[in-house]
Amino acid sequence: MRRLFFARTISQWGDTFNAVALVVAVFRLTGSGLQVAITVAFEVVPVLLLGFVAGAVVDRYPRQRVMVAADIGRAAVAVALVIGHQRVGALYGAAFAFACFSVFFNPAASSLLPALVDDEADVVGANSAIWSAAVLSQIVLAPVAGALVAFAGAGPAFAINALSFVVSAVLLSGLHVPAVARPLAARRLTEITEGLRAVRSSRLLSTLAWVQLLAALSAGATSALLLVLAEDHLDVGASRFGWLIGAIGIGAGFGPVLLGRFVDDVRRPRFLFGPYLLRGVVDWVLAASSSFGVAVGALAAYGVGTSVGNVTYQSTIQALVPDRLRGRVFTFYDVEWQTARLASIAGGGLLADRVGIRAVYFIGGALLLVAGGIGLARRGVPGRL
């Protein structure tokens, strides 16, 4: 588990440098916000194209090897960027390639984790540790990455990202994973549809699918348009906007700590679905109040809700879904989330231009409240699939 934790944390350090350098490089070359948005789209499209295939691969082949191969592939892409980051086409291609390899790495890592810990309580603690390390990495290293790119250019940031993937691959190569038999049907299509059937036939998983769909339709727009809310509604500049992002990060860092200290069973409906209600209320507060202080406090609460929701979601699926299906179930939710996220960003942008940013947050809050309500209405502690 320590190897997996450090591998994911170190690669997250590199991801932070990469995320900053990639969008800055595109904007410097093009001067266009649209081109930056296209870069983000290239990061989403592979999930839609490869998600279901990746789930079948993760459940068929040793997950450790899938992760190492993905890390090696991402390291090669990052090295290529060190040389070719002066071309927009290369940056687009790299964004697409990074996402392609990540489509395989992420569900493999999430599916593998339960095999590395002793019991269900340790699953929650492990997810909390990985989430907290990722959040802290973003809070601490994002400003460092920005300064590095500003003074030395994007090349060194991409080099750091490449090194992080190499270190991650080395750590994962030494991972000792208990052998697990995963009998799968011979036909690839059957493998994919088996995961879909598992979601449809389970009361918990089908409920979670509807909840995640509504949440993505909300969060896609509200997260992408937070800067618009800050400028048009809160009337703050770029420097104070950083405080809003920081508030989310601080709240997200505290969420797993609170969860581990006060919650004994994350599968209880109020912990699995309650965070959606909290985030919905926060969106309404942001839309109703123009106070910067209120917004900072509300977004800190939003960060708590996001982190608690993520940890409970991961831990519940890891605890309840059989190992042989886990990769396909995780990728189903990834594909669903990214599809709805794209639709949300497009619809939210149009709505903000025509009606105003407050409407985006009022509607986003309503979607989250409905999502949480659906989850709690179908309450009951779920059993193993």
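Counting begins at 1 with the first residue of the sequence.
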Of the non-hydrogen atoms in [X] and [Y], which two are nearest, and what is the gap between them?
| X | Y | result |
| --- | --- | --- |
| Val282 | Leu299 | CG1-N, 4.4 Å |
| Leu116 | Met1 | O-CB, 3.9 Å |
| Leu234 | Ser291 | CD2-O, 4.1 Å |
| Ala157 | Ala21 | CB-CB, 3.6 Å |
| Ala340 | Leu217 | O-CD2, 3.7 Å |
| Ala221 | Gly348 | CB-CA, 3.8 Å |

Problem - Cationic N near anionic O, under 4.0 Å, Arg63 to Asp323 - result: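 Result for this pair is yes, salt bridge flagged.
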Whether the side chain of [X] engages the backbone of [Y] through a donor-acceptor N/O pair (distance < 3.5 Å, no angle test) should be reported.
| X | Y | answer |
| --- | --- | --- |
| Arg74 | Phe98 | no |
| Thr312 | Gly309 | yes |
| Ser315 | Val311 | yes |
| Arg358 | Ala287 | yes |
| Gln64 | Leu172 | yes |
| Arg3 | Leu175 | no |
| His233 | Ser289 | yes |
| Ser307 | Gly253 | no |

Are side-chain heavy atoms of [X] and [Y] found at a separation under 4.5 Å?
| X | Y | value |
| --- | --- | --- |
| Thr16 | Trp13 | no |
| Leu208 | Ile317 | yes |
| Val66 | Phe105 | no |
| Leu277 | Leu368 | no |
| Tyr276 | Gln212 | yes |
| Leu91 | Leu29 | yes |
| Leu204 | Leu272 | yes |
| Tyr333 | Leu205 | yes |

Practice task
Quick one: sort the Tyr313 and Phe330 rings into parallel, tilted or perpendicular, breaks at 30° and 60°.
Solution key: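 Rings of Tyr313 and Phe330: perpendicular, as their planes differ by over 60°.
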Transitively linked via ILVMFWY side-chain contacts under 4.5 Å: [X] with [Y]?
| X | Y | answer |
| --- | --- | --- |
| Val296 | Leu229 | yes |
| Leu163 | Val79 | no |
| Val166 | Phe5 | no |
| Val355 | Ile357 | yes |
| Trp210 | Trp337 | no |

Problem - Distance under 6.0 Å and angle within 45° of ring axis: Arg328 vs Phe52 - result: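 Relative to the ring axis of Phe52, which defines the angle, Arg328 lies outside at least one limit.
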Exercise for the section: Determine, step by step, whether Leu171 and Ile10 satisfy the side-chain contact (heavy atoms from CB on, under 4.5 Å) criterion, reporting the C-alpha distance in whole Å, the side-chain angles of both residues, the deciding distance to 0.1 Å, and the verdict. Expected result: CA-CA 10 Å; Leu171 287 171; Ile10 291 171; 4.1 Å; yes
Exercise for the section: Going by the side chain to side chain contact (heavy atoms under 4.5 Å, CB included) test, name the single residue among Asp283, Val285, Leu286 that passes it with Tyr302. Expected result: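 Running side chain to side chain contact (heavy atoms under 4.5 Å, CB included) over Asp283, Val285, Leu286 with Tyr302 returns exactly one hit, Asp283.
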If you measure from [atom1] on [X] to [atom2] on [Y], what distance do you get to the nearest 0.5 Å?
| X | Y | atom1 | atom2 | value |
| --- | --- | --- | --- | --- |
| Ile363 | Thr222 | CD1 | OG1 | 11.5 Å |
| Leu50 | Cys100 | CG | SG | 5.0 Å |
| Ile160 | Leu148 | CD1 | CG | 5.5 Å |
| Leu278 | Leu369 | CG | CG | 10.0 Å |
| Leu320 | Leu325 | CG | CG | 12.5 Å |
| Arg279 | Leu367 | CZ | CG | 11.5 Å |

Exercise for the section: Take atom CZ of Phe362 as the centre, draw a 6.0 Å sphere, and report whether it contains more than 12 heavy atoms from other residues, nucleotides or ligands. Expected result: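 Enclosed: over 12 neighbouring heavy atoms sit under 6.0 Å from CZ of Phe362.
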Handout entry: Steps toward side-chain contact (heavy atoms from CB on, under 4.5 Å) verdict (Phe165, Asp15)
Key = CA-CA 9 Å; Phe165 288 130; Asp15 287 343; 3.4 Å; yes
Exercise for the section: Check step by step if side-chain contact (heavy atoms from CB on, under 4.5 Å) holds for Asn18 and Leu81. Expected result: CA-CA 10 Å; Asn18 182 77; Leu81 268 185; 4.3 Å; yes
Practice task
Decide yes or no on side chain to side chain donor-acceptor pair (under 3.5 Å) for Ser110 and Gln314, but give the supporting numbers first.
Solution key: CA-CA 7 Å; Ser110 296; Gln314 293 270 351; 3.2 Å; yes
Practice task
Could you give me the CA-CA distance, side-chain angles and deciding distance for Arg8 and Ser168, then say whether side chain to side chain donor-acceptor pair (under 3.5 Å) is met?
Solution key: CA-CA 7 Å; Arg8 297 206 69 177; Ser168 175; over 6 Å; no
Exercise for the section: Could you walk me through whether Ile130 and Thr9 pass side-chain contact (heavy atoms from CB on, under 4.5 Å), step by step? Expected result: CA-CA 7 Å; Ile130 290 172; Thr9 300; 5.9 Å; no
